[in-house]
Amino acid sequence: MQRVLVLVALLLGVGWLAVEYELPSGSEPAVVESSWRRTANGWEESDRWLPTPYSAPPALNPLVVAALQAMLSVTALVAFPSRRAGVS
């Protein structure tokens, strides 16, 4: 129990030091490349300016998927019956 308390206190101390201690910064701030650009309509991502490729909707009807799922479930229930005695 003492090990856990010491470990928790140590982790809290290291976390506190990580928050409080500031690394010395250079004379210029780091430049972050961003895809956001200021436009007449406000800030927009330049990635959205590119045309998106057309993706066709899936040709599989959700009812077909539901029917296959139901058949698979019933097949599994029939193939692997309950092993408990007295259960019908």
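Annotation: side-chain hydrogen bond (donor to acceptor under 3.5 Å, both in side chains) contacts of Glu20 (sequence neighbours excluded): none.
A single hydrophobic cluster is not seen to contain both Val78 and Met71; linkage of ILVMFWY side chains at heavy-atom distances under 4.5 Å, directly or through other members, places them apart. In this structure, Leu68 is a member of the same hydrophobic cluster as Leu60, with clusters built from ILVMFWY side-chain heavy atoms closer than 4.5 Å. By the criterion of side-chain heavy atoms lying less than 4.5 angstrom apart, applied directly or through intervening Ile, Leu, Val, Met, Phe, Trp or Tyr residues, Val74 is not grouped with Phe80; the two fall into different hydrophobic clusters.
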Cut-off 3.5 Å, no hydrogens considered: what does the side-chain donor-acceptor table look like for residues 1-18, sequence neighbours left out?
none

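Taking each heavy atom of Trp43 and Trp36 in turn, the nearest pair found is O-CZ3, 3.8 Å.
Side chain of Ser46 to backbone of Ser35: a donor-acceptor contact under 3.5 angstrom is found.
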